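See below for the structure under consideration.
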Amino acid sequence: GEAQAGRAAHAAGVPFTLSTVGICPISEVAAAAGTPPWFQLYMLRDRGAVRALLDGAWAAGCRTLVFTVDLPLPGMRLRDIRHGMAASGARPALIRAAQVLARPGWVQDVALRGQPLRFGNLTAQVPGARDLGAFKAWVDAQFDPSVTWQDIDWLRGQWQGRLLLKGILDVQDAQAAVQVGADGIVVSNHGGRQLDSVASTAAKLPAIAQAVGAQTEVLVDGGVRSGVDVFKALALGARGVLIGRPWVWALAAQGEAGVRTLLAQWQRELLLAMTLAGVTRVADIGPQHLDTD
Ligand SMILES: Cc1cc2nc3c(=O)[nH]c(=O)nc-3n(C[C@H](O)[C@H](O)[C@H](O)COP(=O)(O)O)c2cc1C
(Lines give C-alpha, C1' and ligand atoms only; values in the text may rest on other atoms or scores of the structure.)
Protein backbone atom coordinates (compact mmCIF):
# COMPACT_ATOMS: atom_id res chain seq x y z
CA GLY A 1 0.00 0.00 0.00
CA GLU A 2 2.69 2.51 0.95
CA ALA A 3 4.63 1.66 -2.19
CA GLN A 4 1.58 2.53 -4.32
CA ALA A 5 0.89 5.71 -2.36
CA GLY A 6 4.56 6.71 -2.62
CA ARG A 7 4.44 6.28 -6.40
CA ALA A 8 1.23 8.32 -6.71
CA ALA A 9 2.64 11.09 -4.50
CA HIS A 10 5.89 11.31 -6.45
CA ALA A 11 3.95 11.47 -9.73
CA ALA A 12 2.01 14.44 -8.32
CA GLY A 13 5.24 16.14 -7.24
CA VAL A 14 4.71 15.83 -3.49
CA PRO A 15 6.75 13.84 -0.95
CA PHE A 16 5.47 10.70 0.74
CA THR A 17 6.32 10.03 4.39
CA LEU A 18 6.76 6.40 5.41
CA SER A 19 5.85 5.56 9.01
CA THR A 20 8.14 3.66 11.38
CA VAL A 21 5.28 1.15 11.59
CA GLY A 22 4.50 1.04 7.88
CA ILE A 23 4.01 -2.34 6.23
CA CYS A 24 6.43 -1.81 3.30
CA PRO A 25 10.13 -1.34 4.07
CA ILE A 26 11.68 1.96 2.99
CA SER A 27 13.68 0.28 0.21
CA GLU A 28 10.47 -1.05 -1.37
CA VAL A 29 8.78 2.37 -1.29
CA ALA A 30 11.93 4.02 -2.70
CA ALA A 31 12.10 1.49 -5.55
CA ALA A 32 8.38 1.77 -6.39
CA ALA A 33 8.31 5.57 -6.31
CA GLY A 34 11.64 6.06 -8.03
CA THR A 35 12.69 8.36 -5.20
CA PRO A 36 13.30 7.80 -1.48
CA PRO A 37 10.38 8.77 0.78
CA TRP A 38 10.62 10.94 3.87
CA PHE A 39 10.93 8.74 6.93
CA GLN A 40 8.90 9.11 10.14
CA LEU A 41 10.34 7.90 13.42
CA TYR A 42 9.40 7.95 17.09
CA MET A 43 11.85 8.03 19.96
CA LEU A 44 12.34 4.43 21.08
CA ARG A 45 13.60 3.34 24.48
CA ASP A 46 16.31 1.41 22.67
CA ARG A 47 18.49 4.26 21.33
CA GLY A 48 20.58 1.70 19.44
CA ALA A 49 17.42 0.81 17.50
CA VAL A 50 16.87 4.53 16.78
CA ARG A 51 20.40 4.78 15.36
CA ALA A 52 19.97 1.60 13.32
CA LEU A 53 16.71 2.90 11.84
CA LEU A 54 18.32 6.26 11.02
CA ASP A 55 21.24 4.48 9.34
CA GLY A 56 18.81 2.29 7.38
CA ALA A 57 16.82 5.31 6.20
CA TRP A 58 19.98 7.16 5.20
CA ALA A 59 21.29 4.13 3.32
CA ALA A 60 17.97 3.93 1.44
CA GLY A 61 18.57 7.50 0.27
CA CYS A 62 16.19 9.24 2.66
CA ARG A 63 17.28 12.79 3.54
CA THR A 64 14.22 14.11 5.41
CA LEU A 65 13.36 12.75 8.84
CA VAL A 66 9.92 13.48 10.29
CA PHE A 67 10.44 12.90 13.98
CA THR A 68 7.18 12.56 15.94
CA VAL A 69 7.32 14.13 19.38
CA ASP A 70 3.69 14.01 20.51
CA LEU A 71 3.32 10.38 21.46
CA PRO A 72 5.07 9.63 24.77
CA LEU A 73 2.39 6.97 25.19
CA PRO A 74 -0.45 5.89 22.88
CA GLY A 75 -3.88 7.35 23.71
CA MET A 76 -7.03 5.50 24.71
CA ARG A 77 -8.50 5.13 21.21
CA LEU A 78 -11.82 3.74 22.41
CA ARG A 79 -13.12 3.47 18.86
CA ASP A 80 -10.37 0.97 18.00
CA ILE A 81 -11.60 -1.21 20.84
CA ARG A 82 -15.24 -0.88 19.83
CA HIS A 83 -14.41 -1.90 16.26
CA GLY A 84 -12.42 -4.94 17.36
CA MET A 85 -9.10 -3.43 16.13
CA ALA A 86 -7.24 -3.12 19.37
CA ALA A 87 -8.51 -5.69 21.83
CA SER A 88 -7.88 -9.38 22.33
CA GLY A 89 -10.44 -11.97 23.35
CA ALA A 90 -13.35 -13.81 21.76
CA ARG A 91 -15.63 -10.88 20.90
CA PRO A 92 -13.02 -8.72 19.11
CA ALA A 93 -11.82 -11.83 17.27
CA LEU A 94 -15.39 -12.47 16.10
CA ILE A 95 -15.82 -8.85 14.98
CA ARG A 96 -12.57 -9.12 13.00
CA ALA A 97 -13.59 -12.46 11.45
CA ALA A 98 -16.94 -10.99 10.35
CA GLN A 99 -15.16 -7.99 8.81
CA VAL A 100 -12.73 -10.23 6.92
CA LEU A 101 -15.53 -12.50 5.62
CA ALA A 102 -17.47 -9.45 4.43
CA ARG A 103 -14.49 -8.37 2.26
CA PRO A 104 -13.65 -11.24 -0.12
CA GLY A 105 -11.76 -8.82 -2.39
CA TRP A 106 -9.44 -7.87 0.46
CA VAL A 107 -8.96 -11.53 1.44
CA GLN A 108 -8.01 -12.38 -2.13
CA ASP A 109 -5.78 -9.36 -2.73
CA VAL A 110 -4.06 -8.87 0.63
CA ALA A 111 -4.39 -12.01 2.74
CA LEU A 112 -3.96 -14.65 0.01
CA ARG A 113 -1.93 -13.02 -2.78
CA GLY A 114 -0.04 -10.41 -0.73
CA GLN A 115 3.05 -10.94 1.38
CA PRO A 116 2.60 -11.72 5.09
CA LEU A 117 1.78 -8.49 6.93
CA ARG A 118 4.65 -7.14 9.02
CA PHE A 119 6.24 -3.83 9.95
CA GLY A 120 8.72 -3.78 7.08
CA ASN A 121 11.15 -1.30 8.67
CA LEU A 122 11.39 -3.23 11.92
CA THR A 123 12.22 -6.74 10.75
CA ALA A 124 15.84 -6.44 11.92
CA GLN A 125 14.77 -4.98 15.27
CA VAL A 126 12.20 -7.69 16.03
CA PRO A 127 13.86 -10.85 14.72
CA GLY A 128 11.63 -13.89 14.58
CA ALA A 129 8.40 -11.87 14.69
CA ARG A 130 5.81 -13.97 12.87
CA ASP A 131 2.77 -11.75 12.90
CA LEU A 132 1.71 -8.13 13.34
CA GLY A 133 0.93 -8.82 17.02
CA ALA A 134 4.60 -9.53 17.74
CA PHE A 135 5.69 -6.29 16.04
CA LYS A 136 3.01 -4.32 17.85
CA ALA A 137 4.08 -5.75 21.22
CA TRP A 138 7.67 -4.63 20.55
CA VAL A 139 6.56 -1.13 19.53
CA ASP A 140 4.27 -0.82 22.56
CA ALA A 141 7.19 -1.66 24.85
CA GLN A 142 9.38 0.94 23.09
CA PHE A 143 7.31 4.07 23.79
CA ASP A 144 9.47 6.36 25.89
CA PRO A 145 7.56 8.82 28.10
CA SER A 146 10.82 10.16 29.57
CA VAL A 147 11.85 12.06 26.42
CA THR A 148 12.90 15.70 26.93
CA TRP A 149 14.46 18.32 24.65
CA GLN A 150 17.86 16.90 25.62
CA ASP A 151 16.94 13.70 23.83
CA ILE A 152 15.87 15.69 20.77
CA ASP A 153 19.21 17.46 20.93
CA TRP A 154 20.88 14.04 20.91
CA LEU A 155 18.74 13.01 17.95
CA ARG A 156 19.73 16.15 16.03
CA GLY A 157 23.34 15.02 16.39
CA GLN A 158 22.52 11.61 14.96
CA TRP A 159 20.87 12.84 11.73
CA GLN A 160 22.72 14.92 9.18
CA GLY A 161 19.70 15.29 6.88
CA ARG A 162 16.71 17.60 7.15
CA LEU A 163 14.86 17.24 10.45
CA LEU A 164 11.16 18.07 10.87
CA LEU A 165 9.66 17.79 14.36
CA LYS A 166 6.05 16.60 14.16
CA GLY A 167 3.47 17.12 16.88
CA ILE A 168 4.19 20.70 17.97
CA LEU A 169 1.10 22.45 19.34
CA ASP A 170 2.31 25.53 21.21
CA VAL A 171 4.64 28.47 20.72
CA GLN A 172 7.08 27.46 23.47
CA ASP A 173 7.72 24.04 21.93
CA ALA A 174 8.00 25.61 18.48
CA GLN A 175 10.73 27.90 19.82
CA ALA A 176 12.47 24.97 21.49
CA ALA A 177 12.38 23.13 18.15
CA VAL A 178 14.16 26.05 16.50
CA GLN A 179 16.69 26.17 19.35
CA VAL A 180 17.54 22.52 18.97
CA GLY A 181 18.25 23.01 15.27
CA ALA A 182 15.17 21.51 13.62
CA ASP A 183 14.79 22.50 9.97
CA GLY A 184 11.02 22.61 10.32
CA ILE A 185 8.04 21.69 12.44
CA VAL A 186 4.72 20.03 11.78
CA VAL A 187 1.96 21.63 13.83
CA SER A 188 -0.07 18.52 14.60
CA ASN A 189 -2.35 17.01 17.22
CA HIS A 190 -1.83 13.53 15.73
CA GLY A 191 -5.09 13.79 13.85
CA GLY A 192 -6.95 14.24 17.15
CA ARG A 193 -6.84 10.49 17.61
CA GLN A 194 -4.75 10.30 20.77
CA LEU A 195 -6.27 12.80 23.21
CA ASP A 196 -9.97 13.66 23.31
CA SER A 197 -10.55 17.42 23.60
CA VAL A 198 -7.09 18.32 22.29
CA ALA A 199 -6.92 21.75 20.61
CA SER A 200 -7.31 21.90 16.83
CA THR A 201 -4.25 22.67 14.75
CA ALA A 202 -6.16 25.42 12.92
CA ALA A 203 -6.59 27.20 16.27
CA LYS A 204 -2.93 26.84 17.26
CA LEU A 205 -1.23 27.44 13.91
CA PRO A 206 -1.43 31.24 13.56
CA ALA A 207 0.43 32.09 16.79
CA ILE A 208 3.08 29.43 16.11
CA ALA A 209 3.61 30.60 12.52
CA GLN A 210 3.88 34.18 13.75
CA ALA A 211 6.47 33.23 16.38
CA VAL A 212 8.80 30.99 14.34
CA GLY A 213 7.66 31.17 10.70
CA ALA A 214 10.56 33.42 9.76
CA GLN A 215 13.14 31.07 11.33
CA THR A 216 11.88 27.65 10.34
CA GLU A 217 9.51 25.87 7.98
CA VAL A 218 6.05 25.55 9.51
CA LEU A 219 3.88 22.73 8.17
CA VAL A 220 0.52 21.59 9.54
CA ASP A 221 -1.72 18.53 9.50
CA GLY A 222 -5.08 17.41 10.86
CA GLY A 223 -8.45 17.51 9.15
CA VAL A 224 -7.25 18.76 5.77
CA ARG A 225 -9.88 17.34 3.41
CA SER A 226 -9.77 19.40 0.21
CA GLY A 227 -7.81 21.90 -1.83
CA VAL A 228 -9.84 24.64 -0.15
CA ASP A 229 -8.62 23.34 3.23
CA VAL A 230 -5.05 23.57 1.92
CA PHE A 231 -5.73 27.21 1.00
CA LYS A 232 -7.05 27.88 4.52
CA ALA A 233 -4.03 26.23 6.16
CA LEU A 234 -1.69 28.41 4.08
CA ALA A 235 -3.76 31.49 4.97
CA LEU A 236 -3.38 30.58 8.65
CA GLY A 237 0.39 30.67 8.27
CA ALA A 238 1.58 27.21 7.13
CA ARG A 239 4.08 26.73 4.29
CA GLY A 240 2.42 23.43 3.44
CA VAL A 241 0.20 20.64 4.73
CA LEU A 242 0.51 16.93 5.40
CA ILE A 243 -2.37 14.48 5.19
CA GLY A 244 -3.07 11.23 7.02
CA ARG A 245 -6.49 9.65 6.55
CA PRO A 246 -7.42 11.03 3.10
CA TRP A 247 -4.68 9.19 1.22
CA VAL A 248 -5.39 5.97 3.13
CA TRP A 249 -9.08 6.20 2.23
CA ALA A 250 -8.23 6.87 -1.42
CA LEU A 251 -5.79 3.94 -1.43
CA ALA A 252 -8.36 1.61 0.16
CA ALA A 253 -11.00 2.63 -2.36
CA GLN A 254 -8.97 2.55 -5.57
CA GLY A 255 -5.31 1.75 -4.94
CA GLU A 256 -2.64 3.90 -6.55
CA ALA A 257 -5.16 5.43 -8.97
CA GLY A 258 -7.24 6.60 -6.01
CA VAL A 259 -4.32 8.50 -4.50
CA ARG A 260 -3.50 10.06 -7.90
CA THR A 261 -7.12 11.16 -8.30
CA LEU A 262 -7.19 12.63 -4.80
CA LEU A 263 -4.03 14.68 -5.31
CA ALA A 264 -5.05 15.87 -8.79
CA GLN A 265 -8.45 16.94 -7.50
CA TRP A 266 -6.96 18.85 -4.56
CA GLN A 267 -4.53 20.60 -6.89
CA ARG A 268 -7.48 21.69 -9.05
CA GLU A 269 -9.42 22.82 -5.97
CA LEU A 270 -6.48 24.82 -4.66
CA LEU A 271 -5.99 26.52 -8.01
CA LEU A 272 -9.69 27.30 -8.24
CA ALA A 273 -9.80 28.66 -4.69
CA MET A 274 -6.82 30.89 -5.54
CA THR A 275 -8.46 32.06 -8.75
CA LEU A 276 -11.74 32.88 -7.01
CA ALA A 277 -9.92 34.62 -4.16
CA GLY A 278 -7.84 36.64 -6.62
CA VAL A 279 -4.41 35.18 -5.75
CA THR A 280 -1.91 34.27 -8.45
CA ARG A 281 0.93 32.80 -6.37
CA VAL A 282 0.79 30.28 -3.50
CA ALA A 283 3.27 32.45 -1.59
CA ASP A 284 0.75 35.32 -1.64
CA ILE A 285 -1.92 33.38 0.29
CA GLY A 286 -2.13 34.95 3.73
CA PRO A 287 -4.29 36.07 6.63
CA GLN A 288 -5.82 38.79 4.45
CA HIS A 289 -7.82 36.01 2.77
CA LEU A 290 -9.51 34.95 5.98
CA ASP A 291 -12.69 36.56 7.22
CA THR A 292 -11.82 36.58 10.90
CA ASP A 293 -14.15 39.33 12.11
C1 LIG B 1 -4.28 5.04 10.87
C2 LIG B 1 -3.32 6.13 11.26
C3 LIG B 1 -2.01 5.80 11.56
C4 LIG B 1 -1.10 6.79 11.93
N5 LIG B 1 0.18 6.43 12.20
C6 LIG B 1 1.08 7.40 12.47
C7 LIG B 1 2.45 7.05 12.65
O8 LIG B 1 2.83 5.90 12.56
N9 LIG B 1 3.31 8.06 12.93
C10 LIG B 1 2.92 9.37 13.03
O11 LIG B 1 3.75 10.24 13.26
N12 LIG B 1 1.64 9.71 12.85
C13 LIG B 1 0.72 8.76 12.58
N14 LIG B 1 -0.59 9.11 12.39
C15 LIG B 1 -0.97 10.54 12.46
C16 LIG B 1 -0.78 11.18 11.10
O17 LIG B 1 0.60 11.23 10.78
C18 LIG B 1 -1.31 12.60 11.03
O19 LIG B 1 -0.73 13.41 12.04
C20 LIG B 1 -2.82 12.70 11.13
O21 LIG B 1 -3.45 11.55 10.59
C22 LIG B 1 -3.25 13.94 10.38
O23 LIG B 1 -4.62 14.10 10.41
P24 LIG B 1 -5.59 13.66 9.19
O25 LIG B 1 -5.66 12.18 9.23
O26 LIG B 1 -6.87 14.34 9.58
O27 LIG B 1 -5.00 14.19 7.90
C28 LIG B 1 -1.52 8.15 12.01
C29 LIG B 1 -2.84 8.48 11.68
C30 LIG B 1 -3.74 7.50 11.31
C31 LIG B 1 -5.15 7.90 10.95
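Just follow the structure's listing: the first ligand is 1, and inside any ligand the first atom is 1. Quick caveat, the model's predicted, so the values are computed rather than measured.
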What residues come within 4.0 Å of ligand 1, counting heavy atoms only? Ser19, Val21, Gln40, Tyr42, Thr68, Lys166, Ser188, His190, Gly191, Arg193, Asp221, Gly222, Gly223, Arg225, Ile243, Gly244, Arg245, Pro246
Validation row, ring centre Trp138 to ring centre Phe119 under 6.0 Å: no
With sequence neighbours left out, write down each residue that passes salt bridge (charged side-chain N to carboxylate O under 4.0 Å, His left out) with Asp170, or none if nothing qualifies. none
Under 3.5 Å, which donor-acceptor pairs do the side chains of residues 186-193 form with other protein atoms, sequence neighbours left out?
unit_1: Ser188; atom_1: OG; unit_2: His190; atom_2: N; d: 3.0
unit_1: Ser188; atom_1: OG; unit_2: Asp221; atom_2: OD1; d: 2.7
unit_1: Asn189; atom_1: OD1; unit_2: Gly191; atom_2: N; d: 3.2
unit_1: Asn189; atom_1: OD1; unit_2: Gly192; atom_2: N; d: 2.9
unit_1: Asn189; atom_1: ND2; unit_2: Ala199; atom_2: O; d: 2.9
unit_1: His190; atom_1: ND1; unit_2: Asp70; atom_2: OD1; d: 2.8
unit_1: His190; atom_1: ND1; unit_2: Asp70; atom_2: OD2; d: 3.3

Test your reading of the model: is there a side-chain donor-acceptor pair from Gln288 to the backbone of Asp284, 3.5 Å cut-off? yes
The test is ring-ring contact (aromatic ring centres under 6.0 Å, His included); show your working for Phe16 and Trp247 and say whether it passes. CA-CA 10 Å; Phe16 176 78; Trp247 73 261; 5.2 Å; yes
Donor-acceptor list for residues 23-31 side chains, cut-off 3.5 Å, not counting sequence neighbours:
none

